[in-house]
There are 2 protein chains.
Amino acid sequence: MNILVCDDDKEILDAIKIYLDNEGYKVFKAANGLEALEIIGEKEIHLIIMDIMMPKMDGLRATMKIREDKNIPVIMLSAKSEDTDKIMGLNMGADDYITKPFNPLELIARVKSQLRRYTTLGSLETRSNVFKTGGLMLDDESKIVTVDGEAVKLTPVQYKILKLLTANAGRVYSIDEIYEKVWKEPAVSPENTVAVHIRKIREKIEINPKEPKYLKVVWGIGYKVEKL
Amino acid sequence: MNILVCDDDKEILDAIKIYLDNEGYKVFKAANGLEALEIIGEKEIHLIIMDIMMPKMDGLRATMKIREDKNIPVIMLSAKSEDTDKIMGLNMGADDYITKPFNPLELIARVKSQLRRYTTLGSLETRSNVFKTGGLMLDDESKIVTVDGEAVKLTPVQYKILKLLTANAGRVYSIDEIYEKVWKEPAVSPENTVAVHIRKIREKIEINPKEPKYLKVVWGIGYKVEKL
DNA sequence: ATAAATCTTAATATTTTCTTAATGTTAATA
DNA sequence: TATTAACATTAAGAAAATATTAAGATTTAT
């Protein structure tokens with residue numbers, strides 16, 4: 001299991017690494033949020049321990065950024081212990097929270113607790129980022145999409161659109177929003193390539209594209225994948 | 001989302017139910033571990049909030065039992081706050097831990113944090129913009145409007161008008177005010193498009209549009225959504 | 001380099017929504 | 001109770017948004 005520890009305080013970084021090494025985890029270190037994002041892009045990280053206060057990019061922002069397309073558990077570290085900070089951290093997408101100074105045993109316990117959800121009994125197999133709603137499921141690790149267990153083959157753009165909508169099932173995205181998130185550039189009108197892709201996706205994941213069960217349109221607002 | 005709350009203290013049970021109800025979760029109650037296991041067998045439960053100290057079967061044993069074949073996130077509740085208990089709870093398979101007495105906001109935050117991986121993560125905008133009054137509820141994220149749990153489909157303009165009035169339930173808005181806020185331009189008379197939209201909204205959210213329960217008119221002044 | 005797959009564009013169709021305008025109804029008040 | 005101003009109702013045409021299709025451009029794989 002690979003754990004990324006992100007803190008600008010080198011001493012704490014080293015201390016945590018020692019505790020985790022001792023438990024048999026492979027530990028990567030980052031001094032700030034940007035470094036963390038880089039490492040996450042390169043290595044397969046299973047858990048992140050992240051300080052909130054850091055230069056360059058703080059832990060909360062980094063967590064938000066990570067959560068945009070990865071489902072890696074995050075444990076927040078902070079010197080503050082007030083409720084408001086705790087709540088903010090958890091709402092930003094953190095999975096757990098530890099205040100400094102921390103008890104090494106508690107750190108280990110929380111690490112294990114978070115990793116437990118992603119290991120299957122018996123093996124140390126990592127879990128993949130699976131997004132599902134109803135009979136629709138996409139596995140971000142393998143890029144496999146299934147509908148009621150049946151695999152469907154999506155093209156890259158189709159996959160990105162469906163992932164965005166499924167990862168945030170229930171939320172409505174305007175066409176422009178979709179364009180921006182997927183193409184990473186602002187949409188310029190006239191714009192109907194998204195509509196074309198939506199059609200193609202529907203052809204593949206819906207029984208009847210005209211009466212979509214998953215990929216719905218909200219007139220005048222945009223598209224969403226139904227939260228089922 | 002269905003949440004099972006398990007505690008032998010009826011007061012705490014009811015208090016938690018109120019907090020969670022208010023956030024739009026469906027709440028099931030159990031007085032001990034055995035009852036909890038029963039309900040889990042019957043209903044689809046997405047999260048469990050469990051007290052550690054209970055008669056019949058305590059929370060730790062129940063959690064272990066649940067973890068034998070289900071992977072439902074568990075948040076532990078306990079009066080004790082010593083580190084050892086905390087660690088034990090987490091090692092037993094709990095995903096999070098709250099000590100009594102607890103801050104309701106923190107409870108909600110931790111619940112959301114655990115459930116996020118079910119609804120699946122994504123953007124930071126997890127704050128659910130939900131406006132409700134009586135049986136009327138609108139969720140700004142999914143653009144879903146429900147009346148007594150029944151979904152109704154509003155058009156964009158209809159939605160905007162109803163959102164304005166519901167978000168400020170009780171306040172009366174003149175027709176011109178509504179026009180300005182929704183169309184973002186001053187109203188020019190003769191103007192009756194707002195009235196037409198009001199009618200359409202009433203058709204959708206009211207049992208009897210002629211005797212509206214939610215969307216009322218205040219003669220000579222304007223419209224409001226009743227604060228219930 | 002070529003073929004296959006994928007993406008975008010553009011033209012057109014279809015669906016849904018919005019506004020207008022004509023007319024009806026209600027509530028306050030003199 | 002007659003008057004009037006404000007709201008209600010309806011239907012139809014205009015406008016806006018999405019859907020669809022096919023062809024051409026681009027990218028990817030072999």
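Computed from a predicted structure; not experimentally measured. Protein chains get the first letters and strands the later ones, always in sequence-line order, with residue 1 at the start of each.
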(request) Considering non-hydrogen atoms only, spot the tightest contact between Glu44(A) and Asn2(A) and give its length. (result) O-ND2, 2.8 Å
(message) I'd like to know if Asn192(B) reaches the base of dT23(C) with its side chain, counting only an N/O donor and acceptor under 3.5 Å.
(response) no
(request) Round to the nearest Å and state the distance from Ile178(B) atom CD1 to dA8(D) atom P. (result) 11 Å
(message) Is a donor from one side chain sitting under 3.5 angstrom from an acceptor on the other, for Tyr19(A) and Asp14(A)?
(response) no
(request) Check whether any side-chain heavy atom of Ile45(A) sits under 4.5 Å from a side-chain heavy atom of Ile3(A), and report yes or no. (result) no
(request) Could you tell me the separation between the NZ atom of Lys216(B) and the C1' atom of dT26(C), rounded to a whole number of Å? (result) 16 Å
(request) Give Pro209(B) one of three labels, base, sugar-phosphate or nothing, depending on what nucleic acid heavy atoms sit under 4.0 Å from its own. (result) nothing
(message) Using whole Å, what does the distance between atom C1' of nucleotide dT20(C) and atom OH of Tyr179(B) come to?
(response) 12 Å
(message) Between Arg171(A) and Glu177(A), does any NZ, NE, NH1 or NH2 come within less than 4.0 Å of an OD or OE carboxylate oxygen?
(response) yes
(message) Expressed as a whole number of angstroms, how long is the span from Gln158(B):CD to dT17(C):P?
(response) 8 Å
(request) Give a yes or no on whether a salt bridge exists between Lys213(B) and Glu211(B), defined as a side-chain N under 4.0 angstrom from a carboxylate O. (result) no
(message) Below the 4.0 Å mark, does dC18(C) have OP1 or OP2 next to a side-chain nitrogen or oxygen of Trp183(B)?
(response) no
(message) Measure CD/Glu211(B) against C1'/dT9(D) and give the value in whole Å, please.
(response) 17 Å
(request) Check whether any side-chain heavy atom of Tyr223(B) sits under 4.5 Å from a side-chain heavy atom of Val218(B), and report yes or no. (result) no
(request) Calculate the interatomic distance between Tyr173(A) atom OH and dA17(D) atom P; express it in whole Å. (result) 21 Å
(message) When you measure from the side-chain N and O atoms of Lys210(A) to the phosphate of dT20(D), is any distance below 4.0 Å, counting only OP1 and OP2?
(response) yes
(message) Measure CG/Leu215(B) against P/dT9(D) and give the value in whole Å, please.
(response) 12 Å
(message) What I'd like to find out is whether the side chain of Leu154(B) reaches to under 4.5 Å of the side chain of Lys204(B), using heavy atoms alone.
(response) yes
(message) Once side-chain hydrogen bond (donor to acceptor under 3.5 Å, both in side chains) is applied, do any residues pair with Glu203(B), and if so which ones, sequence neighbours excluded?
(response) Arg199(B)
Are any protein N/O atoms closer than 3.5 Å to N/O atoms in nucleotides 14-16 of chain C? If there are, list each pair with its distance.
none

(request) State which of dT20(D), dT8(C), dT18(D) makes the closest approach to the side chain of Ile175(A). (result) dT18(D)
(message) Quick check for you: among dC7(C), dT18(D), dC7(D), whose closest atom lies nearest to any side-chain atom of Tyr223(B)?
(response) dC7(D)
(message) Which residues in residues 195-206 of chain A have a heavy atom closer than 4.0 Å to any atom of DNA chain C?
(response) Val196(A), His197(A)
(message) I'd like to know if Lys29(A) pairs up with Glu35(A) as an ion pair, taking the criterion as any Lys NZ or Arg NE/NH1/NH2 lying under 4.0 Å from an Asp or Glu carboxylate oxygen.
(response) no
